[in-house]
Asks: 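Can you keep this structure in mind? I'll have questions shortly.
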Amino acid sequence: MNATMNTERLGADTAGVARAAEILRAGGLVSFPTETVYGLGGDATNDRAVARIYEAKGRPSFNPLIVHLPSIDAVEEYAVLEGPARDLAQAFWPGPLTLVLPLKSNSGLSHLVSAGLSTVAIRVPEHPLARRLLEEVARPIAAPSANPSGRISPSTADHVVEGLGGRIEAVLDGGGCAVGLESTIVGVDPTPVLLRPVLLRPGGLPLEALEAAIGEPLARHQEGESITAPGQLSSHYAPNAPMRLNAESVVEGERLLGFGPVEAAVNLSPSGDLVEAAANLFAMLHQLDHDGGSPIAVSPIPDHGLGRAINDRLRRAAAPRD
Ligand code: TXA
Ligand code: MG
């Protein structure tokens, strides 16, 4: 971000919620309270808004984000909610539970929200102000915890302003968070026929409550499973075609994924804007994948700001696969 913006502090009233919804619909960033911690919200269907979330947090990599929705009914538009996932949703939503579910095609969600994966993390929060905001904005809202990367999660609006003031448009002040700990994340693996729930992150919803609801011990994540645990995302989105990074020029047969003023079939940002490049990254990798299998050369991307996260993902996508 170039200029420091003035972060608006919005009250927990009708006017505050309306203003927050207006900013979010326009692609701005608003921190809002949930019962777990304050989230750093942006329109999950807007690639640029999602890219700005990573930029504001200063995250060095694109960890997938949680999509917040106002009701179970709204979830079905974006993800497959079947079997034990549906049971867990009915038992604990709204509440401090996040479910990682198979992403529906044509969901309209930004590829960046799920970091290009075929699953998406969804949560229906219980906090009344979060629910009012989600209903009013009527769009899925991507929100990681509203702290700069590497700092502790915020449980008051003051914490948010200390960490992110000047980097986001507004914070909706709903006082303290009752739970104060991030949501429990459960993945429902889409590949085995069993649709077995797996604990991905312990959190504000106790494991005992989850196990009582499903009637058996919850499986822990195991390496190699198609749903990956937070922080150890071993399977990243990668195109089928081989990739070559830091390509100053293309060799015959290659397609160029460009950055900056270069002649390229597909260009992350002709003007060299890292926010734009991040917003386009996963959608363009998917597009190149869809268009064919010839090798992809990628222009050099500056390794600062969002460029670090872009390079991190490109390196993983280009790494030898087994
Ligand atoms: O309580 C919470 O969960 C807060 C509030 C704001 O909702 N949000 C939060 O978000 O803690 P965040 O981004 O800090 O943590 C989300 C975690 C990340 O560690 C990410 O790796 C994991 O969820 N995650 C998201 N999508 C995933 C997916 N498709 N597969 C596996 N893990 C996923
Ligand atoms: Mg966090």
Asks: Please name all residues satisfying side-chain contact (heavy atoms from CB on, under 4.5 Å) with V124, sequence neighbours left out, ordered by chain then number.
Replies: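 Residues passing side-chain contact (heavy atoms from CB on, under 4.5 Å) with V124: V75, W93, P94.
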Asks: Is it the case that D273 and S271 place a side-chain donor and acceptor less than 3.5 Å from each other?
Replies: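 There is no such pair between these side chains.
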Asks: Please name all residues satisfying side-chain contact (heavy atoms from CB on, under 4.5 Å) with P96, sequence neighbours left out, ordered by chain then number.
Replies: E35, T36, L205
Asks: Output all residues satisfying side-chain contact (heavy atoms from CB on, under 4.5 Å) with Q90, sequence neighbours left out; order by chain, then residue number.
Replies: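 Residues passing side-chain contact (heavy atoms from CB on, under 4.5 Å) with Q90: I72, R86.
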Asks: Measure from the ring center of F32 to the ring center of H68 and say whether it is less than 6.0 Å.
Replies: yes
Asks: What residues, two or more places apart in sequence or in another chain, satisfy ring pair (Phe, Tyr, Trp, His ring centres under 6.0 Å) together with Y54?
Replies: F62
Asks: Hey, could you give me each pair passing salt bridge (charged side-chain N to carboxylate O under 4.0 Å, His left out) that has a residue in residues 246-260? Not counting sequence neighbours.
Replies: R244-E254
Asks: Under the rule for side-chain contact (heavy atoms from CB on, under 4.5 Å), what residues qualify as partners of D87, not counting sequence neighbours?
Replies: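 D87 satisfies side-chain contact (heavy atoms from CB on, under 4.5 Å) with no residue once adjacent residues are dropped.
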Asks: Taking the basic N atoms (NZ, or NE/NH1/NH2) and the acidic carboxylate oxygens, is any pair closer than 4.0 Å for R308 and D303?
Replies: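 Result for this pair is no, no salt bridge flagged.
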Asks: Between E77 and S107, is any side-chain donor less than 3.5 angstrom from a side-chain acceptor?
Replies: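 Side chains of E77 and S107: no pair found under 3.5 Å.
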Asks: Taking only Lys NZ, Arg NE, NH1 and NH2, and the carboxylate oxygens of Asp or Glu, determine whether R59 and D312 approach each other closer than 4.0 Å.
Replies: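 Judged by the 4.0 Å cut-off on N to carboxylate O distance, R59 and D312 do not form a salt bridge.
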Asks: Main chain of G260, side chain of N267: is a donor-acceptor contact present, judged purely on distance under 3.5 Å?
Replies: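 Yes, because the side chain of N267 sits within donor-acceptor range (under 3.5 Å) of the backbone of G260.
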